[in-house]
Student: 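Dropping a structure here in structure tokens format, bear with me for questions.
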Number of protein chains: 2
Amino acid sequence: MKVTLKQVAQAAGVHYSTVASILNNARGNSRFSEQTLHRVKSVAQQLGYVANLDAQRLKTNRTMTIGFAAGDIRNPFFAELSIALEAKLLTLGYELLLASHAQSNPVEDAQRIQKLVGRSVDAMIVWTEEQDTITPQQIQQQRGKVVWLGWCEGGCYQVHLDVQAGLKQVAQHLVSEGHQSVGFYGPQSFAHPTPTRRQVLFEMIAKHHQLHPISLLHTGQSWDIQTATRCGKQAWQAVKQNGLTAVVAYNDVAAMGLLLSRPAKSKSIPVIGFDGTPLLKSWQPAITYVSFSIDQMVDAVTELALHAAQNKRPPRKQYLHQIEPLLVV
Amino acid sequence: MKVTLKQVAQAAGVHYSTVASILNNARGNSRFSEQTLHRVKSVAQQLGYVANLDAQRLKTNRTMTIGFAAGDIRNPFFAELSIALEAKLLTLGYELLLASHAQSNPVEDAQRIQKLVGRSVDAMIVWTEEQDTITPQQIQQQRGKVVWLGWCEGGCYQVHLDVQAGLKQVAQHLVSEGHQSVGFYGPQSFAHPTPTRRQVLFEMIAKHHQLHPISLLHTGQSWDIQTATRCGKQAWQAVKQNGLTAVVAYNDVAAMGLLLSRPAKSKSIPVIGFDGTPLLKSWQPAITYVSFSIDQMVDAVTELALHAAQNKRPPRKQYLHQIEPLLVV
DNA sequence: TTGAAAGCGCTAACAG
DNA sequence: CTGTTAGCGCTTTCAA
């Protein structure tokens with residue numbers, strides 16, 4: 001059974017509030033005699049006392065935990081991001097509670113988000129890009145405690161990935177290389193038939209640069225490498241039929257699917273990656289991709305999350321970070 | 001601020017324990033008048049009442065949460081496993097608390113594990129394979145509440161991945177294909193200079209099959225595809241120098257590193273994958289790999305975890321599941 | 001330097 | 001059908 005303060009107190013022959021101060025309170029260490037201090041600590045050690053987090057939180061209403069409603073961690077981008085974020089928060093004395101939400105099943109998604117909302121976290125970071133993945137209503141309750149990451153139209157804390165700028169750089173690069181018609185390869189949006197935001201942006205930007213964009217879609221989710229690869233064959237046929245000379249991927253997963261399914265005769269047609277996840281960075285032969293710095297994202301998001309966590313009242317001011325993309329050629 | 005039972009009660013003009021029964025207790029719904037039921041519910045809705053989990057847990061000592069101390073989720077194997085496990089537990093009314101432990105930093109690792117130990121979970125699932133990644137002492141306290149996954153020498157709940165059988169199948173397959181000297185490519189163990197368990201097993205098994213195994217190591221962690229790729233070049237040189245005709249990978253990450261760094265002139269030398277993660281399954285041209293069924297693992301581990309969660313006393317009996325590998329050629 | 005006591009929000013047994 | 005009550009384990013203020 002769990003060892004409680006009282007048991008330690010009894011064994012050490014002091015009042016349990018004394019034990020509490022000594023073990024779980026920073027300034028307790030200077031208030032007691034050397035002897036008591038030592039006896040209590042060693043007894044606690046022996047008995048294997050571990051503070052009951054639930055009780056602590058109930059009492060203090062602080063959790064030292066930041067929730068992260070991330071995209072599916074099977075997408076390496078989110079795996080990277082989560083780990084980096086967790087590491088950063090850990091150095092600041094905070095824990096990360098991860099609610100990776102597969103975008104495959106709205107019911108499960110809702111449950112996962114609810115997990116963060118219902119649980120007390122000092123602040124939560126929520127990934128959004130598409131309109132439909134997360135309903136802001138679920139999160140309304142957490143007024144001022146939400147940091148939006150990715151793309152969002154409301155909320156006082158936002159870290160915005162400038163996807164548009166990334167796609168623009170890609171378009172310019174393609175134009176400068178003499179391409180005239182290019183493909184876009186990515187997942188269908190969950191809320192079919194609405195196309196994904198990246199797709200819409202790319203079509204718009206490409207047209208603006210006199211490229212003739214043609215969108216090719218796979219039927220899997222954005223993390224689903226197997227479907228991305230399977231559907232790749234058809235995509236390559238379409239590439240050929242339409243005389244496309246390059247393909248821009250929705251993300252690195254789509255890019256890898258395309259790379260794996262690329263027929264030998266299409267080897268000369270470049271695939272442009274999007275995210276800069278480690279595997280794609282290591283790809284041989286090296287490919288061109290848009291990269292967002294994980295470190296920048298983590299720093300920005302951490303700053304805002306801690307601000308949100310530490311300020312009781314939602315701020316008037318809007319805090320907005322912009323993460324700029326880098327085109328790696 | 002948070003809305004509590006008392007506030008709802010006051011607004012609805014009933015005692016707060018009535019509200020509690022109605023909202024948070026399954027059998028409350030039949031005990032009260034239609035009118036009260038309805039009024040309380042709608043008031044709660046309006047006020048946005050959400051039960052305080054910390055208080056519930058403190059009181060009931062049940063959390064409906066299973067902890068999972070997994071390996072690093074940047075390794076796609078663990079990303080897959082975590083997601084599958086979470087989905088399964090969700091259908092059973094349980095939540096998964098993920099503590100992905102990077103094997104890169106013993107201090108962080110300890111903190112992550114502590115996160116599960118300190119937090120009250122009804123049971124925890126702990127991945128282990130190497131001796132040194134997790135200190136069983138940290139977990140001793142949770143007697144009878146721990147399901148060991150991977151490989152472990154103690155504990156009453158165990159799900160054992162038969163790595164040995166997998167490597168044996170690989171060895172037999174290689175022998176049948178006429179290979180005589182083969183390489184093994186994987187990470188150095190964290191606790192250098194102890195080699196990893198898979199390496200030791202492979203060397204043993206290969207020798208037993210009259211293969212001449214040579215181990216080539218990369219300096220990264222088991223999830224680190226970039227290092228695996230970077231060190232791949234040297235590995236391939238060693239392959240050439242030693243006249244090896246095939247290489248067995250520690251895991252899929254190592255395999256992919258090797259595949260990406262494989263020089264054109266070595267294209268005929270097969271790389272054997274180990275785990276069967278989606279990307280490797282999709283690889284073109286297809287490669288041979290050992291696969292462990294995620295579903296089997298999830299089912300086994302879930303069964304044991306729920307048993308552990310629901311039985312107060314640690315069982316006398318030992319519960320042991322064996323997960324058999326499948327060689328996919 | 002240490003102890004006493006109130007109470008965080010909730011559950012569950014019991015009383016009315 | 002509904003209210004009362006005792007506490008879960010802890011923090012924190014105040015008193016001794």
Side-chain angles (χ1 to χ4, degrees), chain A residues 1-41 43-44 47-65 117-122 141 312, chain B residues 1-41 43-44 47-65 117-122 141 312:
Chain A
M1 276 292 74
K2 291 273 183 198
V3 181
T4 70
L5 280 179
K6 282 187 181 158
Q7 300 177 41
V8 177
Q10 185 154 34
V14 292
H15 194 263
Y16 75 95
S17 65
T18 305
V19 182
S21 300
I22 292 175
L23 296 179
N24 305 332
N25 194 319
R27 51 179 237 281
N29 290 320
S30 55
R31 287 174 40 193
F32 301 92
S33 70
E34 213 33 77
Q35 207 194 30
T36 314
L37 231 54
H38 182 260
R39 194 170 67 256
V40 166
K41 277 181 184 161
V43 168
L47 266 52
Y49 169 76
V50 179
N52 181 326
L53 257 184
D54 294 322
Q56 280 182 312
R57 310 224 277 213
L58 176 59
K59 182 66 192 170
T60 61
N61 210 25
R62 271 182 295 102
T63 64
M64 299 306 278
T65 297
V117 175
R119 197 177 304 281
S120 44
V121 289
D122 291 345
Q141 307 162 329
K312 284 294 164 200
Chain B
M1 274 294 72
K2 291 274 183 198
V3 181
T4 70
L5 278 180
K6 282 186 182 159
Q7 300 177 41
V8 176
Q10 184 154 34
V14 292
H15 194 264
Y16 75 95
S17 67
T18 305
V19 182
S21 300
I22 292 176
L23 297 179
N24 306 332
N25 195 317
R27 54 178 238 280
N29 290 320
S30 55
R31 286 175 40 191
F32 301 92
S33 71
E34 220 26 83
Q35 206 194 32
T36 315
L37 231 53
H38 182 260
R39 194 169 68 254
V40 165
K41 277 181 184 162
V43 168
L47 267 53
Y49 170 77
V50 179
N52 181 325
L53 258 184
D54 295 323
Q56 280 182 313
R57 310 222 277 212
L58 176 59
K59 181 64 191 174
T60 60
N61 212 24
R62 270 181 296 102
T63 65
M64 299 305 276
T65 298
V117 175
R119 197 177 304 281
S120 43
V121 289
D122 291 344
Q141 306 161 331
K312 284 295 165 201

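Computed over heavy atoms, backbone and side chain alike; hydrogens, waters and symmetry mates excluded.
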Student: Let me know the distance between CZ of A/Arg57 and C1' of C/dG9, rounded to the nearest Å.
Tutor: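 One finds 14 Å between C1' of C/dG9 and CZ of A/Arg57, rounded.
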Student: Starting at CG of A/Asn52 and ending at C1' of C/dG9, how long is that distance when rounded to a whole Å?
Tutor: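 Atom CG in A/Asn52 sits about 14 Å away from atom C1' in C/dG9.
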Student: Base, sugar-phosphate, or nothing for B/Ser17, non-hydrogen atoms under 4.0 angstrom?
Tutor: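 Contact class for B/Ser17: base.
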Student: Which nucleotide, D/dC10, D/dT12, C/dA12, lies nearest any side-chain atom of A/Tyr49?
Tutor: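 The listed nucleotide nearest to A/Tyr49's side chain is D/dC10.
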Student: Of all the choices, C/dT2, D/dT2, C/dC8, which nucleotide is nearest to the side chain of B/Phe32 once you look at every atom?
Tutor: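 Selected nucleotide (nearest to the side chain): D/dT2.
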Student: Write down the distance between NZ (B/Lys2) and P (C/dC8), rounded to a whole number of angstrom.
Tutor: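 Going from B/Lys2 (NZ) to C/dC8 (P), I get 16 Å.
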Student: Going by modelled atom types, is there a donor-acceptor pair between the base of D/dT2 and the side chain of B/Thr18 at under 3.5 Å?
Tutor: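 No.
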Student: Measure the spacing between OG1 of A/Thr63 and CG of A/Asp54 and express it to the nearest 0.5 Å.
Tutor: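 Answer for the OG1-CG pair, A/Thr63 versus A/Asp54, is 11.5 Å.
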Student: If I take atom NZ from residue A/Lys41 and atom NE2 from residue A/His38, how far apart are they, to the nearest 0.5 angstrom?
Tutor: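 These two atoms lie 9.0 Å from each other.
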Student: Can you find a donor-acceptor pair, distance only, under 3.5 Å between A/Lys59 side chain and C/dG7 base?
Tutor: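 Indeed there is one.
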Student: Figure out the CG/C1' separation between B/Leu58 and D/dC8, and round it to whole Å.
Tutor: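 It is 4 Å, rounded to the nearest whole Å.
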Student: Looking at D/dT12, I'd like to know if its phosphate oxygens (OP1 or OP2) sit under 4.0 Å from a side-chain N or O belonging to A/Tyr16.
Tutor: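 It does not, given that no N or O in the side chain of A/Tyr16 lies less than 4.0 Å from OP1 or OP2 of D/dT12.
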Student: Looking at NE2 of B/His15 and NZ of B/Lys6, how far apart are the two atoms once the value is rounded to the nearest 0.5 Å?
Tutor: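 The distance works out to 8.0 Å.
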Student: Using a heavy-atom cut-off of under 4.0 Å over every strand shown, decide if A/Thr4 touches base, sugar-phosphate, or nothing.
Tutor: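 Sugar-phosphate: the residue A/Thr4, judged by heavy atoms under 4.0 Å, touches backbone atoms but no base.
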Student: Could you point out which residue of A/Asn25, A/Val19, A/Thr18 forms a side-chain contact (heavy atoms from CB on, under 4.5 Å) with A/Ile22?
Tutor: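 Single side-chain contact (heavy atoms from CB on, under 4.5 Å) partner of A/Ile22 among A/Asn25, A/Val19, A/Thr18: A/Thr18.
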Student: Please report, rounded to the nearest Å, how far the C1' atom of C/dC10 is from the CG atom of A/Asn61.
Tutor: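 Result: 14 Å.
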Student: For A/His15 and D/dT12, what is the distance between atoms NE2 and P respectively, to the nearest whole Å?
Tutor: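 The answer, rounded to whole Å, is 16 Å.
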Student: Judged by each residue's nearest nucleotide on DNA chain D, which is more toward the 5′ side, B/Ala55 or B/Glu34?
Tutor: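 Taking each residue's closest nucleotide, the earlier one in sequence belongs to B/Glu34.
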Student: Can a side chain N or O of A/Thr36 be found less than 4.0 Å away from OP1 or OP2 on C/dT2?
Tutor: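 Checking C/dT2 against A/Thr36, a side-chain N or O does come within under 4.0 Å of OP1 or OP2.
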Student: Send over the distance from A/Leu5 CG to C/dA4 P, rounded to a whole Å.
Tutor: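 One finds 15 Å between P of C/dA4 and CG of A/Leu5, rounded.
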Student: About how many Å separate CZ of A/Arg39 and CG of A/Leu37, when rounded to the nearest 0.5 Å?
Tutor: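 Going from the CG atom of A/Leu37 to the CZ atom of A/Arg39 covers 10.5 Å.
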Student: Tell me whether the OP1 or OP2 atom of C/dA12 has a side-chain N or O from B/Arg62 closer than 4.0 Å.
Tutor: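 Yes.
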Student: Return whichever of A/Gln56 or A/Lys6 has its heavy-atom-nearest nucleotide of DNA chain D closer to the 5' end.
Tutor: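 Nearer the 5' end of the strand: A/Lys6.
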Student: Side chain of B/Val14: nearest nucleotide among C/dG3, C/dG9, D/dG3?
Tutor: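 Of the options given, the side chain of B/Val14 lies nearest D/dG3.
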Student: Looking at B/Asn24, does any N or O in its side chain come under 4.0 Å of the phosphate oxygens OP1/OP2 on C/dT11?
Tutor: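 For C/dT11, OP1 or OP2 has a side-chain N or O of B/Asn24 closer than 4.0 Å.
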Student: Do the side-chain N or O atoms of B/Ser21 get closer than 4.0 angstrom to the phosphate oxygens (OP1, OP2) of C/dT11?
Tutor: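 No.
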Student: Distance from A/Arg57 atom CZ to B/Leu58 atom CG, nearest 0.5 Å?
Tutor: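 Taking CZ in A/Arg57 and CG in B/Leu58, the distance rounds to 11.5 Å.
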Student: What is the distance, rounded to the nearest whole Å, between atom CG of B/Leu23 and atom P of C/dG9?
Tutor: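 Taking atom P of C/dG9 as the reference, CG of B/Leu23 is at 16 Å.
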